[in-house]
**Student:** 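Mind looking over this structure? Questions follow.
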Protein chains: 2
Amino acid sequence: MALYGERGFDNTTVAEIATRAGLTERTFFRHFADKREVLFWGASALQELLVSSVEGAAPSVAPLEAIGDALTAASALLQERSEYSRQRQRIIAASAELRERELIKLASLAAALAEALRDRGVPNSQARLTAEAGVAVFKVAFQRWVEEGDQQGLAQLIREWLKELRSMTAGG
Amino acid sequence: MALYGERGFDNTTVAEIATRAGLTERTFFRHFADKREVLFWGASALQELLVSSVEGAAPSVAPLEAIGDALTAASALLQERSEYSRQRQRIIAASAELRERELIKLASLAAALAEALRDRGVPNSQARLTAEAGVAVFKVAFQRWVEEGDQQGLAQLIREWLKELRSMTAGG
DNA sequence: TAGCTGATGACAGCAACTGACATCCGTGAT
DNA sequence: ATCACGGATGTCAGTTGCTGTCATCAGCTA
């Protein structure tokens, strides 16, 4: 993270990272599948939190609402370490390779959320679209949160964008 | 394409592609930015078609409807070369690297569509979410179309999933 | 014919990753 | 205390994607 911040992701070699960490290049690749994966360490934990939040929602809660609640819950974790989250996101935004990796992580998250909805009895088609829409809401809300200072909490931003989503389909 | 189909993307080296095409490896990289980009040649043309379709929509047409019409128009192109489209998609689905690249292409498409909507006077927030939702609809409809035979036209599938999107926010 | 330009070839080199084998270190059994 | 074992690490060689540089060649124009 330190090196990526200093010189940028593309200008940092794995050899440099390994040296800084007091390790060998080979050892680095035993811990991380590739150079990009370092930045997404812990992403699976966040995904599990989101999924279990959807699974634990009361049966009466509507699908999109369950997704919204899960996102709100997860946003607390990010806000706890807001400086780290923002630094990380700045690094990702600066590299095309990292943006690609981020998108596939979000796609995997959407798939996991869709499955959680299906387990609640939501029909497949609705489950997939709801999950995709929820992740889209998260994407824009998170980006806004990173850009502006701490004017609004992430959770509040998510709620606002969910409202926007609802009005979108009504009008168009 | 032939080589990717035979041996899979990961097991095909650029040297092999170049030899088969009667070229040098170096020349290959002058035509394509990297090994993946070959599969996405023509993606920009499709994106331009979609964008100009949104730009050319009548002012009275609602945002999500404009996106839907654009997707329907583009689906005709894909259906014309359905065998090629399916083969291509099979190759992409089989490789993680290619799926990453596909996602960033779709993200770029969503951004372009959002800008086209903004030019129509749609407020920024609504534009972004509508574009993202539209691309999500395309993703699921296209995947279904590739999986099943020719039971339904791609355009019809898109219309059905758009309907699904509208009912999603109503209930949840 | 001479000169210019754009596409290609040839070659060297870097960085990401992988496989194979050796080595070290902590732990538990004897 | 010693030994045996498994897991983490080091070492080394090799492949592949990708880039910079320079030479070459074909076509077009003056």
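Worth saying up front: this structure is predicted, and the values here are computed from it rather than measured.
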**Student:** Just how far, in rounded Å, is C1' of D:dC18 from NZ of A:Lys35?
**Tutor:** 13 Å
**Student:** With distance as the sole criterion, do the side chain of B:Arg30 and the base of C:dG6 form a donor-acceptor contact below 3.5 Å?
**Tutor:**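 Flag unset: no donor-acceptor pair detected.
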**Student:** Does the ring of B:Tyr4 carry B:Lys35 above it, NZ/CZ under 6.0 angstrom from centre and within 45° of its axis?
**Tutor:**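 Geometry flag: not set, cation outside 6.0 Å or 45°.
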**Student:** Name the closest nucleotide to the B:Arg36 side chain, picking from C:dC17, C:dC11, D:dC18.
**Tutor:**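 Out of C:dC17, C:dC11, D:dC18, the nucleotide with an atom closest to B:Arg36's side chain is D:dC18.
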**Student:** Does the distance from a Lys or Arg side-chain N to an Asp or Glu carboxylate O, for A:Arg36 and A:Glu100, drop under 4.0 Å?
**Tutor:** no
**Student:** Measure the distance from CG on A:Leu23 to C1' on C:dC17 and round it to the nearest whole Å.
**Tutor:**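 About 17 Å, once rounded to whole Å.
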**Student:** Between D:dT16 atom P and B:Ile17 atom CD1, what is the distance in whole Å?
**Tutor:**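 Atom CD1 in B:Ile17 sits about 12 Å away from atom P in D:dT16.
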**Student:** A:Phe29 has an atom CZ; how far is it from atom C1' of D:dT15, in whole Å?
**Tutor:**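 Spelled out: CZ on A:Phe29 to C1' on D:dT15 is 14 Å.
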**Student:** Would you call A:Arg20-A:Glu6 a salt bridge at under 4.0 Å N-O?
**Tutor:**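 Yes.
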**Student:** Could you tell me how far apart A:Glu37 (CD) and C:dC17 (P) are, to the nearest whole angstrom?
**Tutor:** 10 Å
**Student:** Of the options C:dC17, D:dT11, D:dG17, whose atoms approach the side-chain atoms of B:Glu25 most closely?
**Tutor:** D:dG17
**Student:** Please work out if B:Thr24 contacts a base, only the sugar-phosphate, or nothing of the nucleic acid, heavy-atom cut-off 4.0 Å.
**Tutor:**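 Sugar-phosphate only.
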**Student:** Rounding to a whole Å, what distance do you find between B:His31:NE2 and D:dT19:P?
**Tutor:** 15 Å
**Student:** Can you tell which of C:dT18, D:dG20, D:dC18 lies closest to the side chain of B:Arg26?
**Tutor:** D:dG20
**Student:** Figure out the CZ/C1' separation between A:Phe28 and D:dG10, and round it to whole Å.
**Tutor:** 17 Å
**Student:** Between B:Phe32 (CZ) and D:dG17 (P), how many Å, whole number?
**Tutor:** 15 Å
**Student:** B:Arg101 and side-chain contact (heavy atoms from CB on, under 4.5 Å): which single residue from B:Asp34, B:Ile92, B:Leu106 fits?
**Tutor:**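 Considering B:Asp34, B:Ile92, B:Leu106, a side-chain contact (heavy atoms from CB on, under 4.5 Å) with B:Arg101 is found only for B:Asp34.
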**Student:** Are more than 12 heavy atoms from other residues, nucleotides or ligands located less than 6.0 Å from atom CZ of A:Arg118?
**Tutor:**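 Correct, the count exceeds 12.
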**Student:** Could you check which of C:dC17, D:dC18, D:dT16 has an atom nearest any side-chain atom of B:Asp34?
**Tutor:**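 That would be D:dC18.
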**Student:** Could you please name the option among D:dC18, D:dG10, D:dT11 that lies closest to any side-chain atom of A:Thr27?
**Tutor:** D:dG10
